[in-house]
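All remarks here apply to the structure that follows.
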Amino acid sequence: MGTAMAGSEIVVTVDPEIADMVPRFLENRAKDLETLRAAIAAGDRDAVRKTGHTLKGVGGGYGFPAISGMGERIEEAALDGRDADAREAIDDLAEFLVRVRVEVGEAP
Amino acid sequence: MSGGGGEFDYLSQLESLEPPPAPPPPDPKKLESEALIGEKGLERDGFHVVIARRRQQAKSGKAIVLIVEDDEDTSALAARALQNGGYGTVRAKDAAETAAFLKRFGAPALMLLDVNLPNGYNGFDMLRHLRAHPTLSSIPVVMFTASRSREDVVRGLTFGADGYVAKPVTAQALREVVDKVLGG
């Protein structure tokens, strides 16, 4: 399973075992993005941290280590009070969610 | 499962128990040598999955794993992974739902326990109360958390967890951990 760039798309290959769960996973990440934007606009670093922590924990298991990485950046930036870094990671998440395209890998 | 007053009464009984005497702290060097499986991206932290001890295989019937996790996607992924490994699964989102399950059905074969949980009790609190409980103290528990600092891993194992899985983890890796802790 992996991630590859293809033009403006980011192609992520997911495990067939969980492929049917990926659309809901991505819908929930879009909700997380809205939560993050509202929280950062409100200066609610704790909410930013918590959502980043959730992203960190959930991304890789679904085959999206990039989302875990962005979650970790968001969590740590919120912990350190680095709002600009948190915003940048949130913007990266937004771009990722727009560009991502999912393919289902070969069954092992 | 739904919450209710009875479950909170039960929790307050758990709360009134003294925490168990702390076992000797595990040797971090030994823990690192026993780290078995994990996402490569986490390796810099030294821990991804630790199996602290292995239990006897469940005696008969389908082993039930109680997944305590407030994030729906993570919980669903764990349930899928374990069901495909032949386990039955039950899911709870917080301490109250966990207590309701335990009160009604008794001990599962294993608990997969998140650390950051809503509504007052985190996973470490729950683990300490479980280990002090007269009838539930021997439930195998695997911590299942994105909190993966050395401090948190050692804390979980010191409180009596049988294993510690740093999220994110793949379905296959999670199955292997549960198999191993249950003696497979």
Which atom pair, heavy atoms only, marks the closest approach of B:R80 to A:E17?
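Nearest heavy atoms, B:R80 then A:E17: NH1-O, 2.7 Å.
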
*asked:* How close do B:A146 and A:G57 get, counting heavy atoms only, and between which atoms?
replied: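 Residues B:A146 and A:G57, closest heavy atoms: CB-CA, 3.8 Å.
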
Going only through I, L, V, M, F, W and Y residues with side-chain contacts under 4.5 Å, is there a path from [X] to [Y]?
X	Y	value
B:F159	B:L136	yes
B:F105	B:I139	yes
A:L26	A:I18	yes
A:M70	A:V100	yes

Pairwise side-chain contact, [X] with [Y], heavy-atom cut-off 4.5 Å (strictly under):
X	Y	result
A:M21	B:D73	no
B:K167	A:S68	no
B:T170	A:D15	no

Subject >> Winner by heavy-atom pair count (cut-off under 4.5 Å) against chain A, out of B:A76, B:A171, B:A81 >> reply: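 Top count of heavy-atom pairs under 4.5 Å with chain A: B:A76.
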
So which of B:L77, B:D71, B:T145 has the largest heavy-atom pair count under 4.5 angstrom toward chain A?
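Between B:L77, B:D71, B:T145, the count favours B:L77.
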
Requested in this report: Can you tell which part of B:D70 gets under 4.5 Å to a heavy atom of chain A, answering side chain, backbone, both or neither?
Outcome: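 Contact with chain A is absent: no heavy atom of B:D70 under 4.5 Å.
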
Heavy-atom contact with chain B under 4.5 Å, split by part of A:D20: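 For A:D20, the side chain is the part near chain B, not the backbone.
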
Looking only at side chains, do B:E72 and A:N28 share a donor and an acceptor under 3.5 Å apart?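 No, A:N28 and B:E72 have no side-chain donor paired with an acceptor closer than 3.5 Å.
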
